[in-house]
Amino acid sequence: MKVTIKKSKTKVLLTVKCKDMKNPKQQRSQFDQTLASNSWMLQENKKSDVHEDGTVTTVSIWGRTFGHRKSENEIEKMTGNLLKRAARYADIDIYQSDFQYEKVPEDAEAFKLAAVLFSDD
């Protein structure tokens with residue numbers, strides 16, 4: 001019996017929380033531009049939190065696939081550098097990120113091209 005091993009790729013869901021922004025529309029637009037221009041696809045925007053001091057915290061979920069040669073450590077290092085650049089460009093001082101990984105077949109469509117979900121949907 002012949003066993004065929006299919007190559008896989010790594011599907012990554014990245015949750016990003018940007019805290020205490022003073023101009024959230026402009027700042028998130030700039031931050032999001034940086035991620036989108038590096039092949040990350042916005043999957044969902046969660047409901048924003050408006051604080052008493054007028055600052056805003058947002059949470060968004062992004063998705064991307066990487067080839068089977070990239071390790072989770074390499075992905076986190078590359079993405080960490082990207083997030084630093086995005087935060088610097090958007091003048092965001094405080095942000096957090098969280099990664100979720102899944103192996104998918106190389107020929108599988110990892111992300112459906114569905115409309116972006118918003119918390120109000």
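Keep in mind that this is a model prediction, so the values were computed, not measured.
- Under a 4.5 Å side-chain heavy-atom cut-off, the cluster of Ile, Leu, Val, Met, Phe, Trp and Tyr residues that includes V56 is completed by V50.
- Residues G80 and Y95 approach most closely at O-OH, 4.4 Å, considering heavy atoms.
- The distance from the CD atom of E106 to the NZ atom of K7 is 6.0 Å, given to the nearest 0.5 Å.
- We find the OG-CG distance between S37 and L82 to be 7.5 Å, quoted to the nearest 0.5 Å.
- Nearest heavy-atom pair, L14 versus S97, reported as atom, atom and distance to 0.1 Å: CD1-CB, 3.8 Å.
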Which is it for T10 and K103 under the side-chain hydrogen bond (donor to acceptor under 3.5 Å, both in side chains) test, yes or no, and what are the steps along the way? CA-CA 5 Å; T10 304; K103 291 289 186 194; 2.9 Å; yes

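- Atom CG of residue D91 and atom NZ of residue K22 lie 8.5 Å apart, to the nearest 0.5 angstrom.
- Qualifying side chain to side chain donor-acceptor pair (under 3.5 Å) partners for Q26, counting only residues two or more places apart in sequence or in other chains: N23.
- Criterion: ILVMFWY side-chain heavy atoms under 4.5 Å apart, direct or through other members. Under it, L35 and I75 are part of a common hydrophobic cluster.
- The shortest distance between side-chain heavy atoms of F66 and M78 falls below 4.5 Å.
- Considering every non-hydrogen atom in both K9 and P105, the closest pair reads CE-O, 3.6 Å.
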Can you check side chain to side chain contact (heavy atoms under 4.5 Å, CB included) on I92 and K19, steps first, answer last? CA-CA 8 Å; I92 295 173; K19 295 182 171 187; over 6 Å; no

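- Other cluster members for I94: none, since no ILVMFWY side-chain heavy atom sits under 4.5 Å from it.
- With R64 contributing its side chain and N38 its backbone, the two residues share a donor-acceptor pair below 3.5 Å.
- Between V16 and L83, the closest side-chain pair of non-hydrogen atoms falls below 4.5 Å.
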K84 vs Y89, side chain to side chain contact (heavy atoms under 4.5 Å, CB included): CA-CA, chis, key distance, verdict: CA-CA 9 Å; K84 285 178 190 173; Y89 174 59; over 6 Å; no

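- A distance-only check finds a donor-acceptor pair linking the side chain of Q43 to the backbone of M41 [under 3.5 Å].
- A donor-acceptor contact shorter than 3.5 Å links the side chain of T57 to the backbone of D20.
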Stepwise, does the side chain to side chain contact (heavy atoms under 4.5 Å, CB included) test hold for V12 with T65? CA-CA 6 Å; V12 181; T65 57; over 6 Å; no

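- With sequence neighbours excluded, no residue satisfies side chain to side chain donor-acceptor pair (under 3.5 Å) with T15.
- For residues 23-35, the set of pairs meeting the salt bridge (charged side-chain N to carboxylate O under 4.0 Å, His left out) definition, not counting sequence neighbours, comprises R28-D32.
- Annotation: side chain to side chain donor-acceptor pair (under 3.5 Å) contacts involving residues 68-82, sequence neighbours excluded, comprise S71-E74, E76-Y101.
- Listed for the T55 side chain is no donor-acceptor partner under 3.5 Å among the backbone atoms of H51.
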The test is side chain to side chain contact (heavy atoms under 4.5 Å, CB included); show your working for E44 and W62 and say whether it passes. CA-CA 7 Å; E44 182 177 2; W62 293 82; over 6 Å; no

